[in-house]
Amino acid sequence: MFVILHADLDAFFASVEQRDDPALRGRPVLVGGGVVLAASYEARACGVRSAMGGSRARQLCPEAVVVRPRFAAYVEASRAVFALLDEAAPEVEQLSIDEAFLDVSGLEAICGTPVQIAARLRRDVREQVGLPISIGVASTKHLAKVASASAKPDGLLVVEAGEELAFLHPLAVERLWGVGPATQTRLNEAGIRTVADLARHSEHALSHVVGRAAARQLHALAHNRDARRVRRGRGRRSIGSQRALGRGSRSSAELDAVLVALVDRVTRRMRAAGRVGRTVVLRLRFGDYARVTRSRTLGKPTASARPILVTLRRLLEGARPTIEERGLTLIGITVTNLEHVTGGVQLELPVEESDRIELEATLDAVRDRFGAGSLTRATLVGADEELGAWMGPVDPERG
Ligand SMILES: [Mg+2]
């Protein structure tokens, strides 16, 4: 039997602002003016949500104080919190800048019960970093994450062994990990509103509603089947993506558009995971199935699209004679030598760099909320239909 904690800072960016400026405490605070990157609980009470447009948010909450994001302060706060998490358990898996899983199985004799560990952690984060953190305790990762969300704000919720389904089944389906607005709508239209409704359907029946892959996942989660372990070492060491191209020649502009889309996708995943990377790898497969891998190491680790794209463009340019001679059937990119932003690497960002990350984080937030198609880089505007026509099937992603 495993015991897993999911620890998640409450309204993280907004809480850091309230911590650092007493005048903001108890008041509705919005971080980010264009798109809301974070909203304090006082602002959420008016219906404001993160990723909401700034004008809509100010309409809902006219008395809100809008502050400019200070990413260096958030990275520093995150680093301090993770130092405490690392002290609390040997297995800590970072999910993002402000949340993590901790495996506390078998620590009882040394560190106390899971509830004592969680309570101490909450107190330490509050006293030493000055921030509220909510913690869910359960036997699976998924349930611990659902529990921490139920505990918010500033709470601790324990799902006792044997009580898992009693806790889970009354919840609305959108509370399950991975159920976004589109899936929720489909489930609701099929009359499935609660996790109990979900659990009453067979995986096969669900597959007609949400597709096979999602059906398998939702069916398992509804029965609290989640065998995923907390992974030491905080996740993967590289993040990549690739695209198979149809046969036939393509212009430089077309190849560049593919590269831009891949970089967007990979850097977005890096930012979501709170990772920066130092080495950029370009993988090409030519018309004769020969493959080549080229890489370059950057001066400093980044999750920003621009420096990664610039480097990949140079690498691609170097391969241009071979591409023209043999044709190109696949482009893959990978960023390796990943580090966590909490490692201190971005503590002293130059202004332009932090502005760029702010912009990109904003774009990520918008895409998360409204879907990947809602924002497209200028180079891709108008090219999407053509891309669909000349790109072959997408290869499965590789780590
Ligand atoms: Mg959070």
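In each ligand, atom 1 is the first atom listed, and ligand 1 is the first ligand listed. Just so we're clear, the structure is a prediction, and the values are computed from it rather than from any experiment.
- The Mg ion (ligand 1) lies closest to atom OD2 when only the N/O/S atoms of D98 are considered.
- At a cut-off of 2.8 Å, A11 is not counted among the residues with an N, O or S atom near the Mg ion (ligand 1).
- The aromatic rings of F101 and W177 sit tilted, their planes meeting at an angle between 30° and 60°.
- In this structure, K145 pairs ionically with E99, as a charged nitrogen and a carboxylate oxygen lie closer than 4.0 Å.
- Test K141, R228, R229 against E93 for side chain to side chain donor-acceptor pair (under 3.5 Å) and you get one pass: K141.
- Backbone or side-chain N, O or S atoms of D10 do not reach the Mg ion (ligand 1) at under 2.8 Å.
- When distances from the Mg ion (ligand 1) to the N, O or S atoms of D8 are compared, OD1 comes out shortest.
- The side chain to side chain donor-acceptor pair (under 3.5 Å) test with D10 singles out one residue from S134, S15, S148, S40, and that residue is S134.
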